[in-house]
Each structure stands twice: as C-alpha cells, then as structure tokens.
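Below is one structure. I have some questions about it.
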Amino acid sequence: MKTTTKIALTSVGLLLATTLSQAAATASASDNWDNNCTKCHGADGKGLTPVGKKLQLKDYTDAKVQAALKDEDIVKAITDGVKDKDGKERMKSFKADLSDAEIKDLVAYVRKFKPKA
Ligand code: HEC
C-alpha cells in the first residue's frame, strides 16, 4: 500500500516535471487535461475531487450541463479563467500555459465526457 502511494506520488512528480520542462511545446489534450484540469474537474470530468466538490463544479458527464455549455464558453473559461460575481478567481486563466491549438483540443476533450445517446 505504502509503496503504491509512493510510486503514485513519484509519477505525479514526474508528470509535473515533464509539464514544466515542456511548457512551450504542444501537448496532447489528454496530457493537458491530466496535468492542468484533473485536480479540480477530475479525470472523469465529474468534478468530484476534494477541490472540485468544494468549488461545486459542474458534471461534464451530464448531458444537460453539456447542452448548456457553448464551445465559446469553454474556450473563454480556459483562456481567461472563471471569476465569481465579486471578481474573485475561481479558475485561473491558462492563456500563459496553453496555446490556442491546445485550448481548442481541450474543448473537444471536454465534449468527450458527454454521455453517448
Ligand atoms: C482550481 C480548480 C480548477 C482548475 C485547475 C480548472 N478549473 Fe475549470 N473551473 C473551475 C471552476 C471553479 C469553474 C466554475 C464552476 C463550474 O463551471 O463548474 C470552472 C469552470 C470550467 C468550465 C465551464 C465554464 C462555463 O462557462 O460554464 C470549463 C469548460 C472548464 N472549467 C474547463 C477547465 C479546463 C479545460 C481546465 C484545465 C486546463 C480547468 N478547467 C482547470 C475550477 C478549475
């Protein structure tokens, strides 16, 4: 058990190191999601991580949530971040970390959580 935890933590560390060293290079949407978004939105997009629950994130596997979300909203959230009505940051801007192409790929990635009809 302990060893598994250690290995898991080491892999997270390695992933982070890789991300930092490749900040300028284009990464795949799944890598970008894993490295930048899962902390809050969860690997499954349900937003059920400890942070996600606290922030009351939307569930991207919910068809209603997907239907209410426009592609432009997704681009805007990733590019500019999300603030609450008092202007307090809820999600940071990823403009400095991700290229336009990477953000576009992430939109498609977020759409993949949509349940298949
Ligand atoms: C610090 C936690 C956090 C991280 C990290 C984070 N988000 Fe968010 N995200 C939020 C919060 C808070 C909201 C606003 C509540 C909501 O819409 O569920 C949000 C909203 C969104 C929205 C919906 C915007 C809308 O108009 O409804 C999208 C899409 C999104 N995030 C995508 C991403 C992507 C892609 C990443 C990674 C590049 C990411 N988020 C990283 C916290 C986070």
Side-chain angles (χ1 to χ4, degrees):
M1 189 59 189
K2 278 234 174 79
T3 320
T4 325
T5 314
K6 265 186 210 152
I7 293 172
L9 286 175
T10 311
S11 345
V12 171
L14 283 175
L15 269 177
L16 280 176
T18 318
T19 319
L20 291 176
S21 64
Q22 295 183 338
T26 307
S28 73
S30 76
D31 279 353
N32 279 332
W33 178 263
D34 288 349
N35 294 327
N36 300 300
C37 324
T38 47
K39 183 171 62 117
C40 298
H41 291 281
D44 59 5
K46 290 187 178 176
L48 293 176
T49 63
V51 192
K53 280 189 196 159
K54 219 168 94 189
L55 293 169
Q56 300 186 307
L57 295 193
K58 290 173 192 157
D59 176 358
Y60 295 135
T61 65
D62 182 334
K64 280 196 278 280
V65 169
Q66 285 280 353
L69 204 56
K70 293 204 273 313
D71 281 2
E72 302 95 86
D73 300 334
I74 306 180
V75 171
K76 195 172 182 306
I78 304 171
T79 310
D80 301 331
V82 179
K83 294 198 170 76
D84 68 13
K85 56 175 169 23
D86 301 321
K88 209 171 142 252
E89 182 179 283
R90 300 198 70 213
M91 172 178 152
K92 75 162 201 154
S93 152
F94 285 92
K95 211 174 350 201
D97 307 304
L98 303 170
S99 68
D100 288 351
E102 286 174 313
I103 293 175
K104 211 171 132 246
D105 288 350
L106 275 171
V107 173
Y109 196 83
V110 168
R111 292 301 187 198
K112 283 202 190 135
F113 294 121
K114 190 169 141 182
K116 305 205 173 43

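Each ligand, and each atom within it, is numbered from 1 in the order the structure gives.
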Check ion pair K92-D97 (N to O, under 4.0 angstrom): yes
Just jot down the ligand 1 atoms closer than 4.0 angstrom to any heavy atom of D73, in number order.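 Here the atoms of ligand 1 in question are 26 (O).
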When you measure from atom 25 (C) of ligand 1 to every protein heavy atom, which one gives the shortest distance, and what is it?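 For atom 25 (C) of ligand 1, the nearest protein heavy atom comes out as L69 CD1, 3.4 Å.
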Closest non-hydrogen atom pair, W33 against G42: NE1-O, 3.2 Å
Min side-chain heavy-atom separation I74-L106 under 4.5 Å: no
In terms of residue, atom name and distance, what is the protein heavy atom nearest to atom 23 (C) of ligand 1?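 For atom 23 (C) of ligand 1, the nearest protein heavy atom is Y60 OH, 3.1 Å.
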Which atoms of ligand 1 sit under 4.0 Å from any heavy atom of I78? 35 (C)
Nearest protein heavy-atom contact for atom 42 (C) of ligand 1: which residue, which atom, what distance? M91 CB, 3.5 Å
When you measure from the heavy atoms of W33 to every atom of ligand 1, does any distance fall below 4.0 Å? yes
Ion pair check, R111 and D71, cut-off under 4.0 Å: yes
Shortest heavy-atom approach to atom 12 (C) of ligand 1 - which of D105, L57, V110, N32: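 Closest candidate by heavy-atom distance is L57.
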Check N36 against ligand 1 and report side chain, backbone, both or neither, counting heavy atoms closer than 4.0 Å.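 Answer for N36: both.
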Could you tell me which non-hydrogen atom of T49 sits nearest to which non-hydrogen atom of C40, and how far apart they are? OG1-O, 2.8 Å
Close-contact set for ligand 1 against A77 heavy atoms, below 4.0 Å: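 The atoms of ligand 1 under 4.0 Å from a heavy atom of A77 are 22 (C), 24 (C), 28 (C).
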Which heavy atom of the protein is the closest neighbour of atom 15 (C) of ligand 1, given with residue, atom name and distance? R90 NH1, 3.5 Å
Centre of Y60's six-membered ring, under 6.0 Å away, within 45 degrees of the axis: is that where NZ or CZ of K58 sits? no
Heteroatom proximity flag, K58 to ligand 1, N/O under 3.5 Å: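 In this structure, K58 places an N or O atom under 3.5 Å from an N or O of ligand 1.
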Shortest non-hydrogen separation from N32 to E102 and the atoms involved: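 Heavy atoms only, the tightest pair is ND2-OE2, 3.3 Å.
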C40 backbone or side-chain N/O/S under 2.8 Å from atom 8 (Fe) of ligand 1: no
Please say whether H41 places an N or O atom under 3.5 Å from an N or O atom belonging to ligand 1.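 Among all N and O atoms of H41, at least one is under 3.5 Å from an N or O of ligand 1.
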Among all the protein's non-hydrogen atoms, which is closest to atom 36 (C) of ligand 1, and how far away is it?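 For this ligand atom, the closest protein heavy atom is C37 SG, 2.7 Å.
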Heavy-atom pair with the smallest gap, counting every atom of A68 and D73: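 Smallest heavy-atom distance, with atoms named: O-OD2, 4.1 Å.
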Check against side chain to side chain contact (heavy atoms under 4.5 Å, CB included), T61 and K114: CA-CA 5 Å; T61 65; K114 190 169 141 182; over 6 Å; no
